[in-house]
Amino acid sequence: GGRVSALINVRLRFAVLIAAAVALRFGTQIAIAQGVELADALRWPLYASAFGALVGALWLNRHAPGLLVVMVGVSLNAVAILVNGGWMPVYEPALAAAGLPPTDLSPTYHVVLPTELSAEFLRMAGPLGDVIPFPFPPLPNVVSLGDVLISIGLGWFVFATLRWGDPEPAIGGISLWAGPAQRPVSVPDIGARPILLGGGLGPGLAPPRKTAAASLSVPWAVAPAEL
């Protein structure tokens, strides 16, 4: 019973900032893997900027279902990467449990955690790293707690928007569909009666008292030059 139009027309605040932060986050990782020395030298500030902008934009959209959970997941991944100078810690036994060889690790992105629970393991934010095996085909992997929360939050966002979202584009923000900028706003009818000279619409919109002088009624459409 979901409405795809509700998902298409959903509007997020600072959606451009979210897109730019995601692009910077993965663009940095790709550039480093491609051997771009400048990106490698600036990996920490680049990752910090991307995660900071993304967390801030998600916080501003915390009213949307699931996005607060996504923000927490992104924050946990940010801590794991930034604590290690721009590298994601990975637990090798979890890699083996997922059926993946150590050669599947990215040497430009992953750093191996100690196999034993120790002070060094905690110093490297081991519990927040890629320590959860996901051995299920077609994409076996090792994921972090942050990845799990991001998946749950995004899944809830999509489901809730499809199930209960408004199929009409909301006011403000940016949607996937260039719909009308705003909906028509109805103005309450204050009555079709004319305004009496000398009275007007005062507090409470009460009509003025009639005096001995003949009252002249003036419609709304009369211009001041015609009075």
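One is the number of the first residue; the rest follow in order along the sequence.
Nearest heavy atoms, Ile18 versus Ala57: CG1-CB, 3.4 Å. Of all non-hydrogen atoms in Gly85 and Arg43, the two that sit nearest each other are O-CD, 3.4 Å. Among all heavy-atom pairs drawn from Gly146 and Leu76, the shortest one is CA-CB, 4.2 Å. Annotation for Leu117 and Phe121: closest pair CD1-CD2, 3.4 Å, computed over non-hydrogen atoms. The two residues Leu149 and Gly73 come nearest to each other via the heavy atoms CB-CA, 3.8 Å. Of all heavy-atom pairs between Arg25 and Tyr47, the closest is O-CE2, 3.6 Å.
Looking at heavy atoms from C-beta onward, Val72 lies out of side-chain contact with Val69 at the 4.5 angstrom threshold. Phe51 has its side chain within reach of Ile81: a pair of non-hydrogen atoms, C-beta onward, lies under 4.5 Å apart. Between Pro127 and Leu122 the shortest side-chain heavy-atom distance falls below 4.5 Å. Counting heavy atoms from C-beta outward, Ile132 and Val142 have side chains that stay 4.5 Å or more apart. Contact annotation: the side chain of Phe157 approaches that of Val10 to within less than 4.5 Å [non-hydrogen atoms, C-beta and beyond]. Side-chain contact between Ile150 and Asn77 is present, with at least one heavy-atom pair separated by less than 4.5 Å. Taking 4.5 Å as the limit, every side-chain heavy atom of Asp40 sits out of range of all side-chain heavy atoms of Val36. Counting heavy atoms from C-beta outward, Leu24 and Ser49 have side chains that approach closer than 4.5 Å.
A single hydrophobic cluster is seen to contain both Tyr109 and Val79, as judged by linkage of ILVMFWY side chains at heavy-atom distances under 4.5 Å, directly or through other members. Residues Leu145 and Met71 are members of one and the same hydrophobic cluster, defined by side-chain heavy-atom contacts under 4.5 angstrom among Ile, Leu, Val, Met, Phe, Trp and Tyr.
A distance of 8.5 Å separates CG in Leu113 from OH in Tyr91, rounded to the nearest 0.5 Å. Atom CG of Asn141 and atom CG of Leu100 lie 6.5 Å apart (nearest 0.5 Å). For the atom pair CZ (Phe14) and CG (Asn61), the distance works out to 8.5 Å, reported to the nearest 0.5 Å. The CE atom of Met88 sits 12.5 Å away from atom OG of Ser106, with the distance rounded to the nearest 0.5 Å. To the nearest 0.5 Å, the span separating CD1 on Ile32 from CG on Leu42 amounts to 9.0 Å. Atom CG of residue Leu12 and atom CG of residue Leu17 lie 11.5 Å apart, to the nearest 0.5 angstrom.
Using the six-membered ring where Trp is involved, Phe134 and Phe136 have ring planes that are perpendicular, over 60° apart on the 30 and 60° scheme.
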**Request:** Run the numbers on Val83 and Met124 for side chain to side chain contact (heavy atoms under 4.5 Å, CB included), then give the verdict.
**Result:** CA-CA 7 Å; Val83 162; Met124 295 177 66; 5.8 Å; no

**Message:** As a quick check of understanding, evaluate side chain to side chain contact (heavy atoms under 4.5 Å, CB included) for Asp130 and Asp147, giving each step before the final call.
**Reply:** CA-CA 9 Å; Asp130 288 341; Asp147 295 334; 3.7 Å; yes

**Request:** Verify side chain to side chain contact (heavy atoms under 4.5 Å, CB included) between Leu105 and Val112, making sure each step is shown before the conclusion.
**Result:** CA-CA 9 Å; Leu105 293 178; Val112 178; 3.8 Å; yes

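Screening residues 117-129 for salt bridge (Lys or Arg N to Asp or Glu O under 4.0 Å), with sequence neighbours left out, gives Glu120-Arg123.
Proximity of a side-chain donor or acceptor of Asn84 to a complementary backbone N or O of Ala80 within less than 3.5 Å is detected.
The cationic atom of Arg13 (NZ for Lys, CZ for Arg) does not lie both less than 6.0 Å from the six-membered ring centre of Trp59 and within 45° of the ring axis.
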